[in-house]
Amino acid sequence: MSDTAAAVRPKGLKVFAAAIRTRKSASMLVFGFSSGLPAALLVGTLTAWLGEVGIKLATIGVLSWIGLTYAFKFLWSPLVDRVQLPVIGALGRRKSWIVSCQVLMILSLIAIVMTDPVTDIGRFAIFAFIGALASATQDIAIDGWRIDVADEKTPVELLSSVYQLGGRSASIVGGAVALYLAARMSWPTVYLVMAVLMGVVLVLGLGAPDTDRPPSAPVSALAQPGEINPRIRAIALLIVGASWTWAIVTLIMFMVSMLGEVPVGAIRPSAGDFLKTYGVIIVAATVFVPLVVAAVLNRMKARGEGVQSVEDTTHSSARTAANHLYGALIAPLADLAERLRWGVVLVIALILTYALCYNVWASFAYPFYLDYMHYSKDEVAFASKIFGIIMSIVGVSIGGYLFLKIGRFRTVLIGALLPIFGNFVFADLADGSPYIDMVLHATRLDLLAQAFGSDLRMARLLLAICYENISTGIAGAALVAFVSGVVSKKFAAVQYSVLSSMTFLVGALMRAPVGEAIPLYGYGNVFRWLSLAGVIAIVFVLLEWWRTSRIPVVAEPGHTGEPG
């Protein structure tokens, strides 16, 4: 038994050894790399390029909204799952989508190389958005491929470990290696090198196996007697779809107005004003409108109103697509609302605010390190992308250990508390590091840095990144465990996608006004103000802890964790 477990869940270098052992696992390594590289280049490293050429932080904040494509990919996942692509579909059910997305990503990187962000930031943003959209869509296909091809010889646990290895390797290449190259060549040349690397990955991925498309879709659970009838489901889907469409179109239109050319005499739109006017409405449209619709449907179903008396035998592509969308947008929240009742509001509020105090400034990390603190690209490459990743892994490991040893909510509370102090650490770094220097001297870490040939400046950066990445690693592990405990087995994948996407939503919206605030008030003050978001998260953690403590612990069928 232990031998089997070790083979299924290898660790360390054994993951790489397992990856090259079979065709499927080797292909998984390639696909993991293909998934991680564009995410690193388009959401992270791109900000270093933009900061170096003088693009305003407010503009960088708005451009970071392309990262929402990863958060909301569940919206079009039914399309990737059901649609067979013409011509290229002969490559296979999943591989045809993967290859198509890789081609689109390569083209978008080449287009970025050929565009000057200083003179045409709007066109530059469009190409980056296309690349991010293709990358997020590729992730959907890769997730499906991993599940489809798993077997006894290469189980899904092994493929998942190999996938993470490929993704982490790609994040180092797209981050540390890209910065190292950028210190020695122009940014367009760096991205051209990355496009060529993506081409190599595409060629290697062509040898991956694939599975056949199932002959027909299984009968939907929505067809059973007692379920809400198709007409009412269609109305509900129309309401929710219209809310999501409005929110997405509003965000895109503001991005276009912010990044496009401003007519003579006109004033460029303010991200702060946009957030004040539309921020709450966008959150309501994407989160609370679907939740209210789900609660209404639950009430109707409980009363036997608008439900099917017999099995729905209608079969059509339109009905199948509608059922998929209903299953992605409404059914998961309906299940949450049914199980948690009013507590679902606390759960969603906790998720929306939990990572806010450290997620918001992620897009400004490279401009902060390179342009404000004047660290070299080589220094940032090592500190942020090599040392930082190691510290993140340490943080995640500590978070998992704490979850097992001290329990669910104690770990979640620690994960909400620690990043607040991380903001103060970076505020101190921005203000000249008086307190960081005190810690370095008291612990003799400054002497250790000198012994390894480093200096005080580098020791300050490493200490700040060490604390930040360990604390956010703990917080990330705690949030993943919390969300995993909230979802039900029936809707596990979709509910997790919906809930985890919420962690990106508010953070992404806040980045643009934060980008406007930094030049006005300074990095140090903005870091300290953002710590208030962590206090809000702590309040919701305590409220949710109190709520669940009042619920008798009863084994709920289909629930993966504690109640609430």
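Treat the numbers as computed from the prediction; the structure is a model and nothing was measured. Scope of the values below: all heavy atoms of this structure, side chains included, with no hydrogens, waters or symmetry mates.
Expressed to the nearest 0.5 Å, how far CZ of Arg123 lies from OG1 of Thr115 amounts to 6.5 Å. Taking CZ of Phe274 as the start and OG of Ser257 as the end, the distance is 8.0 Å to the nearest 0.5 Å. Between atom CG of residue Leu42 and atom CG of residue Leu37 there is a gap of 8.5 Å, rounded to the nearest 0.5 Å. The OH atom of Tyr326 sits 6.0 Å away from the CD1 atom of Ile228 when rounded to the nearest 0.5 Å. Here Leu340 contributes atom CG and Thr548 contributes atom OG1; the two are 10.5 Å apart, rounded to the nearest 0.5 Å. Atom CG of residue Asp139 and atom OG of residue Ser34 lie 8.5 Å apart, to the nearest 0.5 angstrom.
In terms of heavy atoms, Leu29 sits closest to Val162 at N-CG1, 3.4 Å. For Pro513 against Leu275, the heavy-atom pair with the smallest separation is CG-CD2, 3.4 Å. Shown here for Ser135 and Tyr70, the closest heavy-atom pair between the two residues is OG-OH, 2.8 Å. Closest approach of Gly279 and Leu509 over heavy atoms only: O-CD1, 4.1 Å. Between Tyr354 and Ala475, the shortest heavy-atom contact is CE2-O, 3.5 Å. Minimum interatomic distance between Ala247 and Ile282 (heavy atoms only, all atoms of both residues): CB-CG2, 4.1 Å.
A search for side-chain contact (heavy atoms from CB on, under 4.5 Å) contacts involving Leu107 returns Val103, not counting sequence neighbours. The side-chain contact (heavy atoms from CB on, under 4.5 Å) test applied to Glu516 returns Ala58, Met258, Ser270, Ala271, not counting sequence neighbours. Listed by chain and number, the residues in a side-chain contact (heavy atoms from CB on, under 4.5 Å) with Arg550 are Trp546 (sequence neighbours excluded).
For Arg408 and Phe403, the positive end is not near the middle of the six-membered ring at less than 6.0 Å and at most 45° from its axis.
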> Can you check side chain to side chain contact (heavy atoms under 4.5 Å, CB included) on Phe124 and Leu50, steps first, answer last?
Replying inline: CA-CA 10 Å; Phe124 190 90; Leu50 297 177; 3.8 Å; yes

> Which is it for Leu46 and Tyr191 under the side chain to side chain contact (heavy atoms under 4.5 Å, CB included) test, yes or no, and what are the steps along the way?
Replying inline: CA-CA 9 Å; Leu46 199 68; Tyr191 272 70; 3.6 Å; yes

> Going through the distances and angles, do Phe540 and Leu346 end up as a side chain to side chain contact (heavy atoms under 4.5 Å, CB included)?
Replying inline: CA-CA 7 Å; Phe540 285 124; Leu346 275 182; 4.0 Å; yes

>> As a quick check of understanding, evaluate side chain to side chain contact (heavy atoms under 4.5 Å, CB included) for Lys73 and Asp143, giving each step before the final call.
In response: CA-CA 12 Å; Lys73 62 187 179 183; Asp143 288 340; 4.3 Å; yes

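Between the side chain of Thr45 and the main chain of Ala40, a donor-acceptor pair closer than 3.5 Å is present. Here the side chain of Asp210 pairs a donor or acceptor atom with the backbone of Arg93 at under 3.5 angstrom. Under a 3.5 Å cut-off, the side chain of Thr245 and the backbone N or O of Ala242 do not form any donor-acceptor pair. A donor-acceptor pair is defined here as one N or O able to donate and one able to accept, closer than 3.5 Å; such a pair exists between the side chain of Lys95 and the backbone of Leu206. Judged purely by atom type and a 3.5 angstrom limit, Trp361 has no side-chain atom pairing as donor or acceptor with the backbone of Leu530. Although no hydrogens or angles enter the test, the distance criterion places a donor-acceptor pair under 3.5 Å between the side chain of Arg511 and the main chain of Asn359.
Under the 3.5 Å distance criterion, with hydrogens and angles disregarded, a donor-acceptor pair is assigned to the side chains of Thr137 and Trp76. When only modelled atom types and interatomic distance are considered, Ser35 and Gln138 share no side-chain donor-acceptor pair under 3.5 Å.
Inter-residue side-chain proximity for Phe482 and Leu350 is flagged as met; some heavy-atom pair is nearer than 4.5 Å. At least one side-chain heavy atom of Met198 sits under 4.5 Å from a side-chain heavy atom of Gln102. In this structure, the side chains of Thr353 and Val506 stay at 4.5 Å or more apart for every pair of heavy atoms. In this structure, Val412 and Trp545 have side chains that are not in contact, with every pair of non-hydrogen atoms separated by 4.5 Å or more. Residues Val43 and Ser64 have side chains not in contact (no heavy-atom distance under 4.5 Å, counting atoms from C-beta outward). Within the 4.5 Å cutoff, no side-chain heavy atoms of Ile536 are placed close to those of Leu532. Looking at heavy atoms from C-beta onward, Gln84 lies out of side-chain contact with Ser96 at the 4.5 angstrom threshold. Looking at heavy atoms from C-beta onward, Val344 lies in side-chain contact with Leu291 at the 4.5 angstrom threshold.
A ring-centre distance under 6.0 Å is found for Phe254 and Trp65.
Heavy-atom neighbours of Phe288 CZ from other residues, nucleotides or ligands within 6.0 Å: above the threshold of 12.
Between Glu305 and Arg299 there is no salt bridge, since no side-chain nitrogen of the basic residue lies less than 4.0 Å from a carboxylate oxygen of the acidic one.
Ring planes of Phe31 and Trp145: perpendicular class, angle over 60° (limits at 30 and 60°).
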